[in-house]
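Each residue takes its place number in the sequence, starting with 1.
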Amino acid sequence: MTMILYGECVSARDKAHVRICELADGGCDLETDAPRGLFDADFSLWIGAMGPFAATATQRGASRIAVRFKEPLDGKILRHFNAG
């Protein structure tokens, strides 16, 4: 079973609550109920209270977004979230 984390994406024009899946040092997948096109530019991702992490996104479907971090996440952050 894949762990689901909760976070928030903040762009220059809006913000949205997201569910974070497949968290890795270079990126993750997001699920959201936000309107399509919200993530068509650079944005910041907050994972719980940690962040902001600069990222870019590619829309995969109506509610699924592929995220690439501009800088890889530190291993300590990944261990923190994968410890649960």
(request) Compare every heavy atom of Asp25 with every heavy atom of Phe69, then report the nearest pair and how far apart it is. (result)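 For Phe69 and Asp25, the tightest heavy-atom pair comes out as CD1-O, 3.5 Å.
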(request) Considering non-hydrogen atoms only, spot the tightest contact between Pro52 and Ser44 and give its length. (result)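 In terms of heavy atoms, the two residues are closest at CB-CB, 3.6 Å.
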(request) Scan Ile4, Thr32, Ile47 and name whichever one has a side chain to side chain contact (heavy atoms under 4.5 Å, CB included) with Ile20. (result)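 That would be Ile47; it is the only one of Ile4, Thr32, Ile47 passing the side chain to side chain contact (heavy atoms under 4.5 Å, CB included) with Ile20.
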(message) According to salt bridge (Lys or Arg N to Asp or Glu O under 4.0 Å), does anything in residues 64-75 pair up with another residue at least two apart or in another chain? List the pairs.
(response)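 Sorted result for residues 64-75: Asp29-Arg64, Glu31-Arg64, Asp42-Lys70.
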Approximate separation, where rounding is to 0.5 Å, of [X] [atom1] and [Y] [atom2]:
X	Y	atom1	atom2	result
Arg19	Ile65	CZ	CD1	9.5 Å
Phe81	Leu73	CZ	CG	9.0 Å
Leu45	Thr56	CG	OG1	11.5 Å

(request) Could you please spell out the steps behind the side chain to side chain contact (heavy atoms under 4.5 Å, CB included) verdict for Glu22 and Val67? (result) CA-CA 10 Å; Glu22 310 286 332; Val67 172; over 6 Å; no
